[in-house]
Amino acid sequence: MKAKPCSNSLAVKISQVMPPDTNPHGTLFGGKLMAYIDDVAAIAAIRHARKNVVTASTDSIDFIAPVKAGNSICVEAYVTWTHKTSMEIFAKAITEDLITGERQVCATAFLTFVAVDKDGRPIPVPPVYPETEHEKLLHAGAPVRAAQRRERRQQSKQFTEIFGADYPWNRSK
Ligand SMILES: CC(=O)SCCNC(=O)CCNC(=O)[C@H](O)C(C)(C)COP(=O)(O)OP(=O)(O)OC[C@H]1O[C@@H](n2cnc3c(N)ncnc32)[C@H](O)[C@@H]1OP(=O)(O)O
């Protein structure tokens, strides 16, 4: 498959934070921001693969600064690295006080998406290559992050086996 540049997958979403999406502090719900990030990252992954994708995992999301109601929130995401069927996506969210123009990074995250066929089975994706300094930095660090994810996935599988699928109310003490 022909390699594509990171920039080919760039997806951006900008919106104004409205009160229904805020918590009692008047700032954006963390869960809402996570949904924005997943949404934009999925578009980037589909753009790169030109196939259906699923979210396989999200690395830790660091909430760096709160996002006030009335501010804008801009999420950008692009594919930084690919393996066989999986793609790493970097997402960055910035918030802007629309009155003063002050901007802040409010969150960054790495997500992994997997391209799937109509039965949900993983299928190959094209390679990606970096062009800018930022893209090169992210691309170079990706194999180490992927190895950490493989290790974490093994731990998750172990927890799944240990804790099982019992409902809490059926669990014996
Ligand atoms: C857009 C959305 O909202 S989708 C909804 C939320 N997501 C989901 O429902 C996905 C549920 N999970 C699944 O369907 C499956 O576990 C899949 C498709 C992610 C993986 O399928 P599996 O049959 O386990 O495939 P397999 O073990 O071969 O892994 C396939 C690839 O996914 C990668 N992968 C799987 N799980 C993870 C994970 N937790 N973190 C990072 N990468 C992962 C593997 O490393 C592999 O990558 P590679 O082919 O590039 O080397």
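Note that the structure is a prediction, hence the values are computed from the model and not measured.
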Give a yes or no answer on whether the side chain of [X] reaches the backbone of [Y] with a donor-acceptor pair at less than 3.5 Å.
X	Y	result
His48	Ser9	no
Glu161	Gln158	no
Asp97	Ile99	yes
Asn23	Thr27	yes
Thr55	Ser57	no
Arg103	Ile94	no

Scanning both residues in full, the closest heavy-atom pair of Pro124 with Lys51 reads O-NZ, 3.3 Å
Closest approach of Ser72 to Val67 (non-hydrogen atoms, all atoms of both residues) = O-CG1, 4.5 Å
Ion pair present between [X] and [Y], side-chain N to carboxylate O less than 4.0 angstrom?
X	Y	result
Lys13	Asp39	yes
Glu88	Arg149	yes
Arg145	Asp59	no

Going by atom types alone, do Gln104 and Thr95 pair a side-chain donor with an acceptor below 3.5 Å?
-> no
Linking I/L/V/M/F/W/Y whenever their side-chain heavy atoms sit closer than 4.5 Å, directly or via other members, would [X] and [Y] fall into one cluster?
X	Y	value
Val75	Met87	yes
Val17	Phe29	no
Ile46	Val114	no
Val125	Ile89	yes

Evaluate side-chain contact (heavy atoms from CB on, under 4.5 Å) for Ile123 paired with Thr85, printing each intermediate quantity in order.
-> CA-CA 5 Å; Ile123 46 174; Thr85 65; 5.5 Å; no
Going through the distances and angles, do Leu98 and Asn71 end up as a side-chain contact (heavy atoms from CB on, under 4.5 Å)?
-> CA-CA 6 Å; Leu98 293 170; Asn71 281 16; 5.8 Å; no
Would Asp38 and Leu111 satisfy side-chain contact (heavy atoms from CB on, under 4.5 Å), going step by step from the backbone distance to the final call?
-> CA-CA 8 Å; Asp38 191 39; Leu111 301 91; 3.9 Å; yes
Using the six-membered ring wherever Trp is involved, compare the ring planes of Phe110 and Phe90 and label them parallel, tilted or perpendicular (cut-offs 30° and 60°).
-> tilted
Taking the side chain as C-beta and beyond, is there a heavy-atom pair between Glu76 and Val40 under 4.5 Å?
-> no
Does Asp119 have any side chain to side chain donor-acceptor pair (under 3.5 Å) partners at least two apart in sequence or in another chain, and if so, which?
-> Arg121
Under the side-chain contact (heavy atoms from CB on, under 4.5 Å) rule, what do Met34 and Tyr36 come out as? Steps first, then yes or no, please.
-> CA-CA 5 Å; Met34 287 158 78; Tyr36 282 153; over 6 Å; no
